[in-house]
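Below is one structure, written out as structure tokens; comments come after it.
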Amino acid sequence: MRTEITVKTRAKIFSRPEMQTASLIVTWMPDAGKVGVGVAEYLNKKLGGLVFAEIEPLEFFSLDGVSVEDDIAHFPETKFYCCPQKNLMIMKSDLPRFEWYDFLVTILDIAEEICKVKGIYVLGGMATASAHTVPRTLLTVANSSQTKRLVENYDVVSNMEYETPEGQRPTINSFLLWIAQQRGIPAINLWVQVPFYLVAIEDPQAWKKALDFLDRQLELGVDFSELNDRIARQNQRIAQGRSQHPDLDNCLSRLESNLGLSTSESERLIRQMEDLLR
Amino acid sequence: MGIVFYKEPELEAPLLIACWPGIGNIGIIAVDTLRKMLGAEELGEIEPWEFFYPRKVVIRDGVLKALEFPSSKFYFKRTYKGDLLFFIGEEQPGTGAKVYAEGTKAYKMANLVIDVAAKFGCKRIYTSGAAVAPIHHTTGSRVWVVPNSESLIKEMKGYPNTVLMSDIEGRGGQGNITGLNGLLLGVAKKRGIEAACLMGEIPIYLHGFPIPYPKGSKAVLRVLEMILGVEIDMTELDTFAKRTEKEIESIYHRLPAEIREHLDKLASMTYIKEAEPGPITEEDKRKILQEIDKLFKKEPGED
């Protein structure tokens with residue numbers, strides 16, 4: 001009853017897909033390497049995801065104007081897509097600015113009430129000092145020991161030890177994981193490492209790492225050919241850049257040899273990569 | 001959203017002393033010192049998740065073990081002079097953009113605190129905060145008192161070292177108390193409970209710095225001693241004050257000489273009464289605050 005009320009007051013429901021024991025994939029914008037949006041859009045494209053609901057922005061976002069991103073006016077949105085044949089629900093959302101608890105509760109209310117969701121995967125990219133030529137690592141955090149067992153047979157790092165350092169705050173992904181824990185919904189945070197110089201651009205290799213896990217875990221049957229082409233194109237452009245700019249090649253070679261870069265070298269690498277790939 | 005009680009003690013018309021962090025943490029240091037000195041026991045807490053963003057996550061072996069939020073706790077103490085309730089909020093609930101609470105969340109939290117006061121038959125509430133004043137850090141702080149009812153004025157004026165807003169130069173009895181330490185007075189009034197806010201003075205040139213001002217807290221505690229009829233050992237607070245004094249001196253000596261010259265006048269002033277000319281003018285105050293602002297925006301170690 002309570003969930004029906006929050007869904008009615010905070011969300012617009014366009015249709016009610018027929019799903020049982022569905023899984024929910026949660027993605028955010030912005031995200032390191034555009035991991036969230038990259039995975040959500042690829043899945044929607046390949047699996048025919050359709051929008052069925054959205055959360056109204058009024059309570060959760062700053063509406064004192066619009067931001068401009070990549071030359072385009074951007075209005076915050078939280079959209080829910082469904083792929084009924086795969087029993088899959090996907091959320092793609094801007095990060096809320098206010099009333100985080102109510103926002104996250106609304107997500108779970110929609111997931112449980114409309115799609116009968118029984119498992120949640122929350123995606124996020126995290127910066128790493130590794131080079132793009134190094135295979136991406138996927139780290140997982142589960143909201144119970146039983147849920148953790150679901151991922152132990154995969155190529156993931158599932159033994160993370162972490163405490164929020166002084167002066168920092170937990171991610172919204174951890175907040176969602178905790179609320180799901182309180183409601184008894186199995187949930188897993190998936191963190192894909194993204195080379196720091198691709199954080200602000202995009203890292204399709206990281207998308208593939210996450211997608212590969214989801215594909216096997218949820219038996220989605222994703223066609224990766226288009227994504228493989230995209231990865232190959234990006235790698236090719238970086239390789240061309242290395243051949244044209246010795247200092248770029250030098251920095252990347254050092255990262256490939258596990259040698260660190262100074263702050264100024266890192267900043268220069270980020271700028272060069274942005275010039276090369278944007 | 002609610003309150004979780006760990007105990008259900010029988011209390012007789014207790015006083016509630018409530019506080020949230022604010023400028024110089026004057027109120028919270030005073031109230032928390034009193035709570036600790038009296039050995040008050042935990043009574044319960046306000047469930048935090050609808051008010052606050054979490055402040056810490058603990059992950060062990062790949063499993064989320066805990067998510068910690070700023071606490072909003074109640075305590076109680078029976079003393080031979082009367083029963084006491086304490087409320088201490090580690091943070092003011094806000095939107096993330098502002099330090100002080102406002103709007104719906106602040107009003108909800110204030111009402112939850114008053115709900116507990118009402119449940120235990122509380123007869124009066126005290127909150128505490130800071131009064132930004134043209135004083136020098138080498139002089140003592142007074143305590144500005146703002147009650148929520150005219151009937152409290154005579155009693156409040158009777159406590160040593162207290163002043164009302166109308167005693168302060170140029171204020172004419174007007175002012176604002178930002179955040180929940182102020183809002184609680186209003187909500188208490190709406191719900192028919194007497195309340196007063198005790199504000200320890202902090203020098204005008206320190207209020208923008210994120211450092212505590214225990215001298216102001218000590219002044220508040222002295223007033224609470226009188227109100228509650230208890231004796232408070234100030235040794236720890238005095239040691240704390242000495243430590244922060246060094247930090248304050250270092251800030252003070254980083255101010256331009258011209259500004260320090262103005263501020264030095266404050267060290268020898270006696271308290272200002274209405275209609276008396278103050279040692280620094282409004283123009284001086286404006287200049288001082290501009291300089292402080294500049295200093296505050298500089299990188300640490302920059303001169």
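Owing to the predicted nature of the structure, the values given are computational and were not obtained by experimental measurement. Numbered from 1 within each chain, the chains take letters A, B, ... in sequence-line order.
B/Trp49 has its ring centre less than 6.0 Å from the ring centre of A/Trp178. With ring centers used as reference points, B/Phe69 lies under 6.0 Å from A/Phe175.
Within the model, atoms CD of A/Glu161 and NZ of B/Lys65 stand 10.0 Å from one another, a figure rounded to the nearest 0.5 Å. Annotation: the span from B/Glu50 atom CD to A/Trp100 atom CH2 amounts to 13.5 Å, rounded to 0.5 Å. A distance of 12.0 Å separates CD1 of B/Ile59 from CG of A/Asn159, quoted to the nearest 0.5 Å.
Looking at B/Leu64 and A/Gln181, their side chains come closer than 4.5 Å, going by heavy atoms from C-beta outward. Taking the side chain as every heavy atom from C-beta outward, A/Ile172 and B/Tyr53 approach each other to under 4.5 Å. Under the 4.5 Å side-chain criterion, counting only non-hydrogen atoms from C-beta, B/Arg60 is in contact with A/Glu163. Inter-residue side-chain proximity for A/Met160 and B/Asp61 is flagged as unmet; no heavy-atom pair is nearer than 4.5 Å.
A 6.0 Å sphere centred on NZ of B/Lys189 holds no more than 12 heavy atoms belonging to other residues, nucleotides or ligands. Other residues, nucleotides and ligands contribute more than 12 heavy atoms inside 6.0 Å of the CD atom of B/Glu8. A/Glu59 CD: more than 12 foreign heavy atoms inside a 6.0 Å radius. The environment of CG in B/Asp238 is crowded: more than 12 heavy-atom neighbours from other residues, nucleotides or ligands sit within 6.0 Å.
A salt bridge links A/Arg169 to B/Glu91: at least one charged side-chain nitrogen sits closer than 4.0 Å to a carboxylate oxygen.
Interface check for chain B: of the options A/Pro165, A/Ser62, A/Ser158, the most heavy-atom pairs under 4.5 Å are formed by A/Ser158.
B/Val57 approaches A/Pro170 most closely through the heavy-atom pair N-CG, 3.6 Å.
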Test side-chain contact (heavy atoms from CB on, under 4.5 Å) applied to A/Gln168 and B/Lys56, step by step: CA-CA 8 Å; A/Gln168 292 181 24; B/Lys56 186 177 180 180; over 6 Å; no
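Proximity to chain B at a heavy-atom threshold of 4.5 Å picks out A/Thr140, A/Val141, A/Ala142, A/Asn143, A/Ser144, A/Ser145 from residues 140-147 of chain A, in numerical order.
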